[in-house]
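Here is the structure we will look at, set down as structure tokens.
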Amino acid sequence: MALLVHFFPNMYRDSVALMQLSTKIVQLPGIEAASAQMATEANIDLMAQAGLLEERPATRPNDMLLVVRGEEAGLQAARDFAEAALSRKATGDDGSVQKVQPRATVMALDGDAKGANLALISTPGAFAGAEAMKALKLGLDVMIFSDNVPVDEEIAIKRYGHARDLLVMGPDCGTAIINGVPLAFANVVRKGGIGVVGASGTGLQQVTCLIHQAGAGVTQAIGTGGHDLSEAVGGLTMLTALKQLGADPDTKVIVLISKPPAKAVADRVLAAARVTGKPVVVCFLGATLAEVESQGFDCALTLEEAALRAVETLKAGKAKFRSNHGASAELQARAKRLAASVGSGRRYLRGLYSGGTFCYEALLLLQDVLPGLQSNTPTKKTARMADLWRSSGHTIMDLGDDDFTRGRAHPMIDPALRLERIGQEAADAGTAIILLDVVLGYGAHENPAGVLAPAIEKARAAVGGKGAPAFVAQICGTDADPQHMGQQADILRAAGVDVSFSNAEAVALVRAVFENIKG
Amino acid sequence: MAGLISQDLNVVNIGLASFGDVIREKGGKATDLQWQPPAGGNPKDAWNLALLTGDPRIAEANKLAYGRYLAAQPFLVGVKTAREALPDMDGRIILHSGPPVTWENMCGPQQGAVLGAVLFEGWAGDLDGARRLVEAGSIRLEPCHHHRAVGPMAGITSPSMPVWIVRDATSGNEAYSNMNEGLGKVLRFGANGPDVIARLKWMAETMGPTLAVIVEEMGGLDLKPIMAQALHMGDEVHNRNAAASSLLFRKLTTTALASKRLDAKAVAETLTFVAGNDHFFLNLSMAACKAMLDAAHGVPCSTLVTAMARNGVEFGIKISGLDRWFTAEAPFIEGLFFPGYGQADAARDLGDSAITETAGVGGFAMAAAPAIVQFVGGTPRDALANTLRMLNITLGQNPAFTLPALDFTGSPAGIDARLVADTGIQPVINTGIAHREAGIGQVGAGLTYAPLACFSQAVSALAETMTFDA
């Protein structure tokens, strides 16, 4: 039998608490006797009388004295037990006090969110950078839905994350699907073998939805945020994302979506894509086939091609799909029908998009076809609208752009602005086609077709029904989305709207209609 | 490495709660923050706070500072005059509570107490004379904290006043506090009439020397165990000291009665005075807390708060890593008023006594003293909730100060300025309410909260002294 005499200096404990502690220590394996007491003269005498103490220890009355007799092996455990018992932490929850909801990431990590690995940030932009930096410094990956983060903060957080292999999705990242969980604005898509990474929110949504519609699925959809591939930021998130997708055994094919970045950035990004060793479908919207293929990558010229070429690559190892809808007899028949329904003198397209990348893709596909095409977010080959609030000639607008979202929700959430504009465009005697996108999924309006349909019928009635402009819509979504794509399509068709399931198809249809109107 | 995408999602959702709903619906884990702009809503301070978050240098510094705070063993070792005990007390100097403040800017009670101290010292024969002297700038007015001292309410400490000397046996540093005059018309609330001055003179001439002998003959007094025991007896050793004062009285009495050096009349008067004042221990509690926190002060990069003090105009804090005050307007106190008084009579938060909360007692140990929470119409459960809330802004729990209501675990202790700035959870303070005019005295008591701006500024200032890896 061995004896442990240990004291905790200047540690007051109530005698009842110490008796409890003694009782618990005696129950430990290999312990024969134990006594924890404040080291007063009287208590030391008691311990000595009990045969626990052979000599008086050098303690002061305000020290806590622990004496344990037992097998050598058990003594250290007894001491550790006492140490732990004396520095126990409050559980904070005896049920009588309402729990405080965590106010900060660091506080959440200490409680309910123990082990959290991602911070999803949708605060005002002035604070989003700081929230992201805090999360990164605490070892979390981040997704920043917020926009208007100062660019120096964006660069700082991206550099910090990149150096530590932490993903920094955003700022201005509207969508992501991580391990099958939709984040912010995202659609419900099947799990599968394709990893998608993109700088554009609606671009990611279009590609993931079309992959789903084609019967395949995605591993991850990683949004980088709209500024990631700028020269200032240098594509740092894209690089980290490619590294992670490269290492992910479930990801067999990678899709990369962006506007064509500056050469230095493109070189770095494509080098990282090459390092993955996996087939990568590159969709640099606006780049030519030659520009991408000369780098040794499969090139998608539309978002639709990106999705379907990835599916083909996954299934067959090679891709041949092109968004060549104009060659389809079915589409030509639809175009003829629509052209015939349009009143005479109506000659112009009015595109009213809620998705920025859909608007941009439409401009690219039509800029060489429709003369004098204008936009509030023009490409190099199109003109800027003189008056945002009144269209003229062929016009395609992004109603989700900052000019329209200041002080009001995005048109994917709050349709009021677009509904009003539909009436205005229909009343314009020059309008031949009103082109719309309908974006489904989490975060979007719960029934966009349900609010569009009556507005379209009302606009048509206002111009006398017959001879009104034609309505062309494309739905970005899946049947698994909360709004259900098929049901949304039915509602729109019932209102006389031509429905496509990809932007490329809707744009090809518009193009064919104008060929018929000209003819 | 596949990073995030190889793990099950566990999300901290900061902002729109609906995003969290979707994650949970789709089988992910999400914790919604009750988010508000951090650092009091100043984006620059919020960014600086972010830079300090999770920084290993700060973690290391805080561990060191907090360890020193925990290891401190404050002993009452003597009683002397302030002139003899405190550093730099020569000539005409009067100490006040809180961060630095000029005479013109002082609140009513503090001005009244300064004038009273001038009379007590005999530097002027009447109030007009005292006022002229102070206005002429011939008396140094400095914070108690700049002289290793603390004083409740006005905190006025002049060279001839007796002070408690508390020494931290671990670090060897000393802290000081003046002595408690009791309630009613007293100097610390700005009263300066003849009865107040007469009491101060008795304290200096009779009580101080008597206590000096008692403390010497008892061989000093270990203060932490008394505080710990009082926390089990319904005190939080800031605004409620009935148990601690009684425990102190027991110790003083046995020694005093056995002493052969003391005059019986002086002993009787002193013990009667101590017995009549439920707050007598407060100043010792404060000096003990000051000693523990001074031990923790001065660790570079540490964000541990080492002082919270108010002068009735400004609330100031210090952090271990930066030896300067960070101030904001002192708040008003939410509480109950004595009959005949109301909020319009109240001074702003006043006194160095928030050193107790800084050390993890007072409001932080409110769960030990449910009676306190009645000042704001609360229940014992509210008292417990206040203590539990402080766990979110502190570095740990002090195992020396266990609380029955916390299942005998320690009181939340060691305020991390970063956590306050980040969570917006303000340190809670139990305190008395002084009348805003000099000399009327205490008009109530209640709870108040340390202003967020002090903590945001401190964090921001520290960040600006450091460099960070990209």
Side-chain angles (χ1 to χ4, degrees), chain A residues 10-14 17 62 86-92 96-98 100-108 112-113 115-123 126-127 129-131 133-135 137-138 140-141 145 153 156 159-160 163 165-167 178-184 220 244 247-248 442, chain B residues 1-16 18-19 22-23 26-28 30-38 43 46-47 49-51 53-55 73 222 224-225 228-229 232 381 384-385 388-389 391-392 397 399-400 402 406-410 419 422-425 470:
Chain A
N10 214 34
M11 170 83 70
Y12 172 78
R13 280 293 187 280
D14 182 89
N62 293 315
L86 292 169
S87 56
R88 218 155 33 95
K89 282 206 173 12
T91 57
S96 67
V97 175
Q98 209 190 343
V100 186
Q101 208 182 337
R103 311 277 193 92
T105 303
V106 64
M107 183 171 162
D112 291 345
N117 46 20
L118 177 71
L120 172 51
I121 298 161
S122 53
T123 67
F127 298 99
E131 290 302 327
M133 189 55 120
K134 282 189 277 185
K137 293 210 164 198
L138 294 166
L140 278 71
D141 295 74
F145 178 81
E153 290 184 11
R159 284 195 180 149
Y160 189 90
D165 280 324
L166 293 169
L167 270 178
I178 303 293
N179 299 329
V181 178
L183 298 171
Q220 316 290 341
Q244 297 206 1
D248 174 25
Y442 285 107
Chain B
M1 64 130 244
L4 177 71
I5 65 177
S6 62
Q7 305 160 24
D8 286 336
L9 266 201
N10 184 348
V11 180
V12 178
N13 181 35
I14 307 165
L16 300 169
S18 60
F19 286 173
V22 173
I23 294 165
K26 302 310 282 184
T31 306
D32 300 336
L33 290 193
Q34 190 188 328
W35 186 84
Q36 58 186 356
W47 180 256
L49 166 66
L51 292 178
T53 300
D55 192 294
Q73 300 180 61
D222 198 350
K224 250 169 143 176
Q229 214 173 338
H232 285 200
R381 197 177 303 144
L384 176 58
L388 289 174
R389 210 170 57 248
L391 283 172
N392 297 303
Q397 292 176 261
T402 61
L406 237 54
D407 192 17
F408 295 98
T409 59
L419 294 174
D422 205 354
T423 63
I425 296 175

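Letters go in sequence order (proteins before strands), and every chain restarts at 1.
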Which atoms form the tightest heavy-atom contact between Lys134(A) and Thr53(B), and what is the distance?
CG-OG1, 3.3 Å

Largest heavy-atom contact set with chain A, pairs under 4.5 Å, which of Gln229(B), Lys224(B), Arg389(B), His232(B):
Gln229(B)

Pairwise distance CG(Asn392(B)) to CE(Met107(A)) - rounded to 0.5 angstrom
3.5 Å

Please flag which part of Asp32(B) lies under 4.5 Å from any non-hydrogen atom of chain A: side chain, backbone, both or neither.
both

Heavy-atom pair of closest approach, residues Thr31(B) and Pro102(A)
CG2-CG, 3.9 Å

Between Pro182(A) and Ile23(B), the two heavy atoms sitting closest are O-CG1, 4.1 Å

Which portion of Ile121(A) sits near chain B, non-hydrogen atoms under 4.5 angstrom:
both

At a heavy-atom separation under 4.5 Å, does Asn13(B) approach chain A through its side chain, its backbone, both, or neither?
both

Enter the distance from Leu16(B):CG to Leu120(A):CG here, rounded to the nearest 0.5 Å.
8.5 Å

Of the backbone (N, CA, C, O) and the side chain (C-beta and beyond), which part of Tyr160(A) lies under 4.5 Å from a heavy atom of chain B, both, or neither?
both

Okay, Gln220(A) and chain B: the region with an atom under 4.5 Å from a heavy atom over there is side chain

Between Ala130(A) and Ala46(B), which heavy-atom pair has the shortest distance, and what is it?
CB-O, 3.5 Å

With only heavy atoms counted, which part of Ile178(A) is less than 4.5 Å from chain B, the side chain, the backbone, both or neither?
both

Would you find a donor on one side and an acceptor on the other, under 3.5 Å apart, between the side chain of Asn117(A) and the backbone of Asn10(B)?
yes

Distance, nearest 0.5 Å, that separates CH2 of Trp35(B) from OG1 of Thr105(A):
10.5 Å

Heavy-atom pair count under 4.5 Å with chain A, highest-scoring of Pro225(B), Ser18(B), Gly15(B), Gly27(B):
Pro225(B)

Rounded to the nearest 0.5 angstrom, the CD-CG distance for Glu131(A) and Leu49(B) is 8.5 Å

So, the part of Leu51(B) with a heavy atom under 4.5 Å from chain A: the answer is both

What residue in Pro43(B), Gly410(B), Gly54(B), Ala400(B) has the most heavy-atom pairs under 4.5 Å with chain A?
Pro43(B)

Heavy-atom distances under 4.5 Å only: say whether Gln73(B) touches chain A with side chain, backbone, both or neither.
both

Between Ile425(B) and Arg103(A) the two heavy atoms that sit nearest each other are CG1-NH1, 4.0 Å

Between Met133(A) and Ala50(B) the two heavy atoms that sit nearest each other are CB-CB, 3.7 Å

Is chain B contacted by the side chain of Asp112(A), its backbone, both, or neither, given a heavy-atom distance below 4.5 Å?
both

Which answer fits Ala156(A), side chain, backbone, both or neither, if we ask what part of it has an atom under 4.5 Å from a heavy atom of chain B?
side chain

